[in-house]
Amino acid sequence: MYRETEEFIELCKAMISQETWPDFITIDGAEGGTGAAPLEFSDSVGLPLEPALIFVKAALEKFNLKDEIKLIASGKVVSAFSIVKNIALGADICNSARGFMFSLGCIQSLRCNTNECPTGVATQKRGLVNGLVVTDKAERVYNFHHNTIEAVRELIGAAGHYHTNTLSVHDLVKGDEMIKLANRYFPDTVNTQV
């Protein structure tokens, strides 16, 4: 990771020296991908979203660029909690493909690249596409999106907030271990909270 982090630091320096930067950066974690990706790539290549997001946010803050550049988190963003967690870690926006694919009917048959998707989601074959009934699936996709947004509202309300932009990593507790996620990602904060 060292080389890759150094490359991003060099990009930040170049943005400052040129006084130009992008409107946004999408951080697509190694957790993402499709059934079209080779298994070894899906399982072993890339940096997970959480450490990448934390690093990029910290680097942009160091160079006073965070207010100029929006961060978009992508990579297995499926649930309301994953959205809230990524925003608390520094994302401004979350991309979600997997949840919408599931709501369309994806069964993860891992044949996306073969044009043989049995549910009709990832194919151009006329006989298979017919399995994707748009009027039925549109309602499912709408319900998934609506319910996910409602769950985000409930989570931020439970954390005592009115908007996602006031969330921080200190608001999140991992239920199965009863530890604040801040302690996992920023262990030096444990001493300040005792």
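All values reported here derive from a predicted model rather than from experimental measurement.
Heavy atoms only, all atoms of each residue included: S74 and T26 are closest at CB-CG2, 4.3 Å. Shown here for F63 and I16, the closest heavy-atom pair between the two residues is O-CD1, 3.4 Å. Of all non-hydrogen atoms in G99 and S96, the two that sit nearest each other are N-OG, 3.9 Å. Among all heavy-atom pairs drawn from T119 and C106, the shortest one is OG1-CA, 4.2 Å. The two residues G105 and V121 have their closest heavy-atom pair at C-CG2, 4.2 Å.
Atom CG of L155 is separated from atom CG of L167 by 9.0 Å, given to the nearest 0.5 angstrom. Here CG of L89 is found 8.5 Å from NZ of K57. Values are rounded to the nearest 0.5 Å. Going from atom CG of L53 over to atom SG of C94 covers 8.5 Å, rounded to the nearest 0.5 Å. Atoms NE2 and CD1, from H163 and I156 in turn, are 7.5 Å apart once rounded to the nearest 0.5 Å. The OG1 atom of T135 sits 9.5 Å away from the CD atom of E139 when rounded to the nearest 0.5 Å. Atom-to-atom distance recorded for C12:SG and E61:CD is 11.0 Å, nearest 0.5 angstrom.
Hydrophobic clustering (ILVMFWY, side-chain heavy atoms < 4.5 Å, transitive): W21 and F24 are in distinct clusters. One hydrophobic cluster, built from ILVMFWY side chains closer than 4.5 Å, cannot hold both V77 and M101; they sit in different ones. Hydrophobic clustering, with ILVMFWY side chains joined whenever heavy atoms are under 4.5 angstrom apart, groups M15 together with L71. Linking ILVMFWY residues whenever their side-chain heavy atoms come closer than 4.5 Å, directly or via other members, leaves I72 and I69 in distinct clusters. Note: the hydrophobic cluster containing F144 does not contain V84 (ILVMFWY, side chain heavy atoms under 4.5 Å, direct or indirect links).
Residue pairs satisfying the side-chain hydrogen bond (donor to acceptor under 3.5 Å, both in side chains) criterion with at least one member in residues 142-162, sequence neighbours excluded, are listed as follows: E150-R153, H161-T166, H161-D171. Screening residues 104-139 for ring pair (Phe, Tyr, Trp, His ring centres under 6.0 Å) gives no qualifying pairs among residues at least two apart or on separate chains.
Under 4.0 Å is where a charged nitrogen must lie from a carboxylate oxygen, and between K66 and D92 at least one such pair does.
Residues R98 and F102 form a side-chain contact, since some pair of their non-hydrogen atoms from C-beta on lies under 4.5 Å apart.
As a member of the Ile/Leu/Val/Met/Phe/Trp/Tyr network built from side-chain separations under 4.5 Å, V134 groups with nothing else and remains a singleton.
At least one donor-acceptor pair closer than 3.5 Å links the side chain of N130 to the backbone N or O of R126. Side chain of S168 to main chain of A88: no donor-acceptor pair is present (N/O by atom type, distance under 3.5 Å, no hydrogens or angles). Judged by distance alone, the side chain of T123 and the main-chain N or O of N115 form a donor-acceptor pair under 3.5 Å.
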### Message
Go through it in stages, so that I can follow the logic: the residues are L132 and K137, the test is side chain to side chain contact (heavy atoms under 4.5 Å, CB included), and I'd like the CA-CA distance, side-chain angles, deciding distance and then a yes or no.
### Response
CA-CA 7 Å; L132 188 67; K137 302 302 180 173; 3.7 Å; yes
### Task
For R140 and D136, run side chain to side chain contact (heavy atoms under 4.5 Å, CB included): C-alpha distance rounded to whole Å, both residues' side-chain angles, the deciding distance at 0.1 Å, then the answer.
CA-CA 7 Å; R140 289 181 186 201; D136 175 47; 3.6 Å; yes
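The environment of CG in D23 is sparse: at most 12 heavy-atom neighbours from other residues, nucleotides or ligands sit within 6.0 Å.
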